[in-house]
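As a basis for the values below, the full set of heavy atoms in this structure was taken, side chains included, without hydrogen atoms, waters or symmetry mates.
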Amino acid sequence: MLYFEDFTPGRRFDYAPVQMQAADMVAFAGEFDPQPMHLDEEAGRRSILGGLSASGWHTSAIGMRMMIDAFLGHSSSQGSPGIDFMDWKKPVLAGDVLSGFSLVLEARPSRTKPQIGFVKFRNAISNQSGEPVAVSECSIMFRRREGERS
């Protein structure tokens, strides 16, 4: 179990690779972002994206899953107060293999809730060519070890 004290600035959590499947991209888009370039290969080719492309929201959801698998799923996470920014840098196409990491930028104890601390992360996802496809920064609240005893 990872607690606030384990998230020291500079610590990096690497993500396991995920291959983007066309059927999953279309299913996600059909429910949450039904734009033509996310639903149809030909429409994607006609767009500036160059082919069937994942919704940026799908890429972000995949990134969230990667974070869960890399560290959040075995941490004392208490949720997030929000995302500072999210940039979608390059289209994610069917067949792309995504990987990435979360890097701890800073960590500070809460001023009002002594049992938790805030950790700021920079999250980066790249495709199989090492090209960045998504970058974000966010803070996550974690329980402090001593907070478990209070």
Side-chain angles (χ1 to χ4, degrees), residues 1-35 37-39 44 49 51-150:
M1 179 70 75
L2 296 168
Y3 291 89
F4 168 74
E5 292 82 3
D6 298 309
F7 295 97
T8 54
R11 185 165 183 187
R12 179 177 156 144
F13 297 90
D14 291 316
Y15 305 158
V18 172
Q19 185 169 29
M20 298 298 286
Q21 303 294 326
D24 295 338
M25 292 164 51
V26 170
F28 183 96
E31 188 165 354
F32 300 108
D33 191 358
Q35 297 184 71
M37 69 287 252
H38 303 318
L39 295 169
L49 302 178
L52 180 67
S53 64
S55 164
W57 299 112
H58 189 185
T59 302
S60 297
I62 293 292
M64 183 69 206
R65 181 66 216 206
M66 293 168 127
M67 289 173 68
I68 294 287
D69 293 343
F71 66 94
L72 274 178
H74 54 276
S75 77
S76 62
S77 171
Q78 300 298 293
S80 173
I83 295 174
D84 296 324
F85 75 86
M86 175 162 309
D87 288 337
W88 298 316
K89 300 287 195 182
K90 184 172 180 59
V92 172
L93 304 175
D96 279 356
V97 178
L98 305 182
S99 59
F101 62 89
S102 290
L103 178 68
V104 176
L105 298 178
E106 59 187 58
R108 67 170 178 80
S110 171
R111 290 182 207 94
T112 59
K113 294 182 174 30
Q115 72 275 25
I116 67 166
F118 292 88
V119 179
K120 185 173 185 174
F121 292 91
R122 181 168 185 85
N123 310 298
I125 301 173
S126 298
N127 64 18
Q128 65 281 354
S129 299
E131 300 166 314
V133 298
V135 177
S136 65
E137 285 186 7
C138 67
S139 294
I140 300 174
M141 299 174 288
F142 294 93
R143 238 184 246 284
R144 298 180 73 184
R145 270 197 184 83
E146 57 268 21
E148 286 293 295
R149 294 189 292 270
S150 30

J.: So Phe7 and Phe142, would you call those rings parallel, tilted or perpendicular, with 30° and 60° as cut-offs?
T.: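 If you compare the ring of Phe7 with that of Phe142, the planes turn out parallel.
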J.: As an exercise, state the distance from OG of Ser99 to CG of Asp14, rounded to the nearest 0.5 Å.
T.: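 One finds 8.5 Å between OG of Ser99 and CG of Asp14.
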J.: Return the minimal non-hydrogen interatomic distance between Asn127 and Leu98, and the atom names on each side.
T.: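 Taking every non-hydrogen atom into account, CA-CD2, 4.0 Å.
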J.: Please evaluate residues Phe121 and Val104 with respect to the criterion side-chain contact (heavy atoms from CB on, under 4.5 Å), reporting the C-alpha separation (whole Å), side-chain torsions for both, the decisive distance (0.1 Å), and the verdict.
T.: CA-CA 5 Å; Phe121 292 91; Val104 176; 3.6 Å; yes
J.: Could you go step by step and tell me if Arg145 and Asp6 meet the side-chain contact (heavy atoms from CB on, under 4.5 Å) rule?
T.: CA-CA 9 Å; Arg145 270 197 184 83; Asp6 298 309; 2.7 Å; yes
J.: Keeping Gln19 on the side-chain end and Pro17 on the backbone end, is there a donor-acceptor pair under 3.5 Å?
T.: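 No, the answer is negative, given that no donor and acceptor are paired below the 3.5 Å cut-off.
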J.: With the side chain counted from C-beta on, respond yes when Val119 and Phe4 share a heavy-atom pair under 4.5 Å apart, and no when they do not.
T.: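 Answer yes - side chains close enough.
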J.: Between OG of Ser55 and CD of Glu31, what distance do you get to the nearest 0.5 Å?
T.: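 With rounding to 0.5 Å, OG (Ser55) is 12.0 Å from CD (Glu31).
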J.: About how many Å separate CG of Asp24 and CD1 of Ile62, when rounded to the nearest 0.5 Å?
T.: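 If I round to the nearest 0.5 Å, the distance is 7.5 Å.
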J.: Nearest 0.5 Å, what's the CG-CZ distance between Leu105 and Arg11?
T.: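 Between Leu105 CG and Arg11 CZ, I get 14.5 Å after rounding to 0.5 Å.
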J.: Apply side-chain contact (heavy atoms from CB on, under 4.5 Å) to the pair Met141 and Lys113, showing each step before the final yes or no.
T.: CA-CA 10 Å; Met141 299 174 288; Lys113 294 182 174 30; over 6 Å; no
J.: Do we get Arg12 above Phe101's six-membered ring, with its NZ or CZ under 6.0 Å from the centre and within 45° of the axis?
T.: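 Flagged: Arg12 positioned over aromatic ring of Phe101.
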J.: Can you give me the closest heavy-atom contact between Pro109 and Arg144, atom names plus distance?
T.: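 Closest approach of Pro109 to Arg144, heavy atoms only: CB-NH1, 3.6 Å.
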J.: What do the steps show when you test Leu2 against Phe13 for side-chain contact (heavy atoms from CB on, under 4.5 Å), and what is the final call?
T.: CA-CA 12 Å; Leu2 296 168; Phe13 297 90; 4.0 Å; yes
J.: How many angstroms lie between atom OG of Ser75 and atom OH of Tyr3, to the nearest 0.5 angstrom?
T.: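 Between Ser75 OG and Tyr3 OH, I get 10.0 Å after rounding to 0.5 Å.
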J.: Say you draw a straight line from CZ of Arg122 to SG of Cys138; how long is it, rounded to the nearest 0.5 Å?
T.: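 So the CZ of Arg122 and the SG of Cys138 are separated by 11.5 Å.
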J.: Scan for salt bridge (Lys or Arg N to Asp or Glu O under 4.0 Å) pairs involving residues 52-63, sequence neighbours excluded, and state none if there are none.
T.: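 The answer is none; no pair qualifies.
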J.: Do any N or O atoms from the side chain of His38 and from the backbone of Ser53 form a donor-acceptor pair under 3.5 angstrom?
T.: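 Yes.
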